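Here the structure is a predicted model, which means the values were calculated and not measured. Naming: A, B, ... by sequence-line order, numbering from 1 per chain. Just so it is clear, the values below take in all heavy atoms, side chains as well, and ignore hydrogens, waters and symmetry mates.
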Amino acid sequence: METKLARIAQVAKERPKEQFTSLAHLINVEMLLECHYELSGNKAAGIDRVTKAEYEKNLLENIIVLHGSLRKMTYRPQAVRRVYIPKPGSDKGRPLGILAYEDKIVQLAVSKILTAIYEQDFLDSSYGFRPGRSCHGALRKLNNIIMTGKTNWIVDADVSGFFDHVDHGWMMKCLEVRIKDPKLLRIIKRMLKAGIMEDGEYKLSEEGTPQGGVASPILANIYLHYILDLWFERIVKKQCKGSAHIVRYADDFVCCFQYEHEAKRFYYELIKRLEKFNLNIAPEKSKIIEFGLFAARNVKKRGENKPETFDFLGFTHYCGVSQNGKFRVKRKTSRKKYQGALYRMKQWIKANRTTPVSILLEQIKPKLVGYYRYYGITDNGPMIHRYWYEVTKLLFKWINRRSQRNSYTWEKFLLLLKVKPLPKPKIYFSILSA
DNA sequence: TCAACGCGGCC
RNA sequence: GUUGGCCGCGUUGA
């Protein structure tokens with residue numbers, strides 16, 4: 001199976017214009033089985049309440065029937081189960097669409113095929129949801145653009161409710177650029193049209209791709225590849241006299257311009273462009289700011305104190321100064337993410353306050369290290385140190401709310417931490433280099 | 001080298 | 001009750 005997909009990928013790479021007319025046959029029993037084994041078992045069940053364990057009881061038979069329905073094109077995905085997960089900001093929460101288990105298998109197979117083809121087409125500026133690419137990579141790339149290019153203006157844009165507003169017609173048009181297999185196209189179209197079940201009521205899904213759908217990430221990337229990335233590369237850059245760059249992570253992106261008027265014109269064109277494809281910029285989460293080597297100087301000349309900042313991938317980017325007094329982009333954990341992480345930690349400690357202290361400390365270790373591994377990047381030392389300090393205080397506070405005989409004084413608590421220390425804050429990732 | 005499980009992060 | 005893709009790390013097995 002791997003070899004067949006590798007072959008498709010190779011063809012896609014060698015012939016960027018190639019249109020694939022025969023792909024659906026790749027979804028055979030073997031591939032469906034493989035996808036089944038790849039899927040995680042301890043996940044919430046879809047509308048039919050079938051879990052992986054249950055599906056497995058008659059695995060071969062189930063897969064063979066599924067394969068038959070795909071071949072005869074009688075396959076119809078079930079509606080996704082609507083669940084709202086709480087979001088720090090709003091009270092309605094984030095809408096998820098949980099697929100039926102069997103539909104996850106099909107979507108995984110489809111996403112593998114799409115990935116094999118489209119990974120070859122995607123531009124270097126696209127970072128989200130892609131194998132071998134990470135947030136840190138996107139941050140480093142953005143840093144290089146600002147430090148080595150001629151960036152003076154930043155357009156920071158946020159697409160509101162991207163997944164919910166992907167247009168099905170345009171989505172299919174995007175896919176048809178490369179994919180000419182009507183069977184595969186129909187399967188994908190049915191996935192998009194599967195509908196939503198929300199407290200007993202069936203709703204049509206006339207736009208959007210389910211947040212929680214296995215294939216949604218790759219579909220999102222394909223959509224924005226054509227709507228945004230290629231447009232920027234081929235049209236926007238050509239129209240600009242100065243430099244223009246984009247770094248995109250899923251639906252979140254930052255654009256860098258040399259000239260103010262080109263940044264402003266782009267922002268205006270961007271809104272029109274996205275509108276055409278049923279997408280909207282969230283104005284309150286988007287902005288154009290002066291940023292870069294000359295920003296600090298110009299801002300001062302105008303009598304303001306500091307250049308504005310922007311957030312990207314959990315970090316607030318600001319104009320800083322290096323040791324030798326030169327301009328440097330710096331980043332620190334954004335206020336929102338910092339507070340969110342601390343809040344979650346507090347909730348966890350609260351919920352586990354009755355477990356023995358030594359075990360509690362053991363359980364916090366991997367949490368802290370995981371946190372440092374993301375936020376421990378160049379120039380963010382103070383913020384992760386602050387996090388470590390706040391967590392320590394939180395621990396002391398909640399340990400002390402137990403019964404009297406188990407309580408600690410602050411001194412005794414520090415002594416305990418000497419014997420069983422929490423992992424120290426550490427910079428794991430350098431934004432500079434390569 | 002490969003599984004299984006867990007933790008952290010982004011959108 | 002809580003999904004998905006990706007990234008990173010850890011533990012345990014063989």
Given 3.5 Å as the limit, does a donor-acceptor pair link the side chain of A:R133 with the main chain of A:D124, or not?
yes
Quick check against the 3.5 Å criterion: does A:R71 have a side-chain atom that pairs as donor or acceptor with the backbone of A:N28?
no
Rounding to an integer number of Å, can you tell me how far [X] [atom1] sits from [N] [atom2]?
X	N	atom1	atom2	value
A:Q347	B:dG8	CD	P	14 Å
A:I384	B:dG8	CD1	C1'	13 Å
A:F429	B:dG8	CZ	C1'	16 Å
A:R344	B:dC7	CZ	C1'	13 Å
A:Y428	B:dG9	OH	P	14 Å
A:Y371	B:dG6	OH	C1'	20 Å
A:Y375	B:dG9	OH	P	7 Å
A:L39	B:dA3	CG	C1'	16 Å

Before accepting this row, confirm whether a basic side-chain N of the pair A:R49/A:E54 lies closer than 4.0 Å to the acidic partner's carboxylate O.
no
Lys/Arg N to Asp/Glu carboxylate O, A:K237 vs A:E233, below 4.0 Å:
yes
Taking atom NZ as the centre, does A:K173 end up with more than 12 heavy-atom neighbours from other residues, nucleotides or ligands that are less than 6.0 angstrom away?
no
List the steps, then state whether side chain to side chain donor-acceptor pair (under 3.5 Å) holds for A:Q347 with A:R344.
CA-CA 5 Å; A:Q347 296 304 312; A:R344 281 195 304 279; over 6 Å; no
What contact category does [X] fall into here, base, sugar-phosphate, or nothing, at under 4.0 angstrom with non-hydrogen atoms?
X	result
A:K104	sugar-phosphate
A:G213	sugar-phosphate
A:L313	sugar-phosphate
A:Y374	sugar-phosphate
A:F163	nothing
A:G132	sugar-phosphate

Describe, in one word, how the ring planes of A:H317 and A:F312 are oriented to each other, choosing from parallel (under 30°), tilted (30 to 60°) and perpendicular (over 60°).
tilted
Distance between P atoms of B:dG6 and C:rU3 (Å, rounded):
11 Å
B:dC10 base to A:Y249 side chain: any donor-acceptor pair below 3.5 Å?
yes
Think A:K336 has a side-chain N or O under 4.0 angstrom from the OP1 or OP2 of B:dC10?
no
Looking at A:N42, does any N or O in its side chain come under 4.0 Å of the phosphate oxygens OP1/OP2 on B:dG6?
yes
For chain A, the stretch of RNA chain C it reaches, first to last nucleotide, under 4.0 Å of its heavy atoms:
C:rU2 to C:rC9
Taking pairs as Watson-Crick (N1-N3 plus N6-O4 or O6-N4) or G-U wobble (N1-O2 and O6-N3), each distance under 3.5 Å, the stems of three or more consecutive pairs with RNA chain C are B:1-11 with C:4-14
Is the gap between the ring centers of A:Y101 and A:Y55 under 6.0 Å?
yes
Return whichever of A:G41 or A:C135 has its heavy-atom-nearest nucleotide of DNA chain B closer to the 5' end.
A:G41
Could you tell me which residues satisfy ring pair (Phe, Tyr, Trp, His ring centres under 6.0 Å) with A:Y223, sequence neighbours excluded, listed by chain and number?
none
Across all chains, not counting sequence neighbours, the salt bridge (charged side-chain N to carboxylate O under 4.0 Å, His left out) partners of A:K183 are none
Pair A:Y118, A:I179 - check side chain to side chain contact (heavy atoms under 4.5 Å, CB included), show working.
CA-CA 10 Å; A:Y118 276 96; A:I179 294 163; 4.2 Å; yes
Evaluate side chain to side chain donor-acceptor pair (under 3.5 Å) for A:N278 paired with A:E207, printing each intermediate quantity in order.
CA-CA 9 Å; A:N278 200 37; A:E207 55 174 11; 2.7 Å; yes
Do any side-chain atoms of residues 364-376 of chain A form donor-acceptor pairs under 3.5 angstrom with protein atoms, and if so which ones, sequence neighbours left out?
{"unit_1": "A:K365", "atom_1": "NZ", "unit_2": "A:E362", "atom_2": "OE2", "d": "3.1"}
{"unit_1": "A:Y372", "atom_1": "OH", "unit_2": "A:P423", "atom_2": "O", "d": "3.0"}
{"unit_1": "A:Y374", "atom_1": "OH", "unit_2": "A:L313", "atom_2": "O", "d": "2.7"}

Using a strict heavy-atom distance below 4.0 Å, which residues from residues 214-227 of chain A are in contact with RNA chain C?
A:V214, A:P217
